[in-house]
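Notes to accompany the following structure.
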Amino acid sequence: MTISTCYSQIVEPLPQFPGGEEALSKYLEDNLERPAMAKESSIEGKVVVGFFVEKNGKITHIKVLKSTLYLFEEEAVRVVKEMPRWIPAKLGDKPISVPYYITIYFTFH
């Protein structure tokens, strides 16, 4: 499983998963489970998940924006809901809430 990210606002610094992109990839790899039906049928897919990283680093307003297969949506949302708090974005030196998007790929290794 791999991820890609996209930001909708220009802020500095951007919101960050604790430990950065590598830590986010590891978190997803360690916590995502391929649905049984997808394993049995060798199905791969991707889910684009949008959410807000709030001023306090909490993840809110989680929403599936695009998905190749419904089987993967529930698992992607579950794992995003369980993420630890992020380091929030800042505008100047003030933390702000911003939307964040990740693409989660369910693939075979």
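Being a predicted model, the structure only gives us computed values, none of them experimental.
At least one donor-acceptor pair under 3.5 Å links the side chain of Ser97 to the backbone N or O of Lys55. A donor-acceptor pair is defined here as one N or O able to donate and one able to accept, closer than 3.5 Å; no such pair exists between the side chain of Ser67 and the backbone of Val47.
For the pair Val49 and Ile62, the minimum side-chain heavy-atom distance is below 4.5 Å. Residues Tyr27 and Met83 have side chains in contact (heavy-atom distance under 4.5 Å, counting atoms from C-beta outward). With a 4.5 Å cut-off on side-chain heavy atoms, Lys58 and Thr60 count as touching. Residues Val64 and Val48 fail the side-chain proximity criterion, which asks for heavy atoms closer than 4.5 Å.
For the atom pair OH (Tyr105) and NZ (Lys46), the distance works out to 4.5 Å, reported to the nearest 0.5 Å. Between atom NZ of residue Lys26 and atom CG of residue Leu24 there is a gap of 12.5 Å, rounded to the nearest 0.5 Å. Atom CD of Glu44 sits about 8.0 Å away from atom CZ of Phe72, to the nearest 0.5 Å. Taken from CD in Glu73 to CG in Leu65, the straight-line distance is 10.0 Å, to the nearest 0.5 Å. Distance OG1/Thr103 to NZ/Lys66: 8.5 Å, rounded to 0.5 Å.
The number of heavy-atom neighbours closer than 6.0 Å to CD of Glu22, taken from other residues, nucleotides and ligands shown, is 12 or below.
The shortest heavy-atom contact between Pro18 and Ala23 is O-CB, 3.3 Å. Between Pro88 and Val53, the closest heavy-atom pair is CA-CG1, 4.2 Å.
The side chain to side chain contact (heavy atoms under 4.5 Å, CB included) test with Val79 is passed by exactly one of Asp30, Ile104, Leu32: Leu32.
Val80 and Leu71 fall within a single hydrophobic cluster, where Ile, Leu, Val, Met, Phe, Trp and Tyr side chains are chained together by heavy-atom contacts under 4.5 Å.
Residues forming a ring pair (Phe, Tyr, Trp, His ring centres under 6.0 Å) with Phe51 (at least two apart in sequence, or on another chain): Trp86, Tyr100.
Under the 4.0 Å criterion applied to side-chain N and carboxylate O atoms, Arg78 and Glu75 are assigned as salt-bridge partners.
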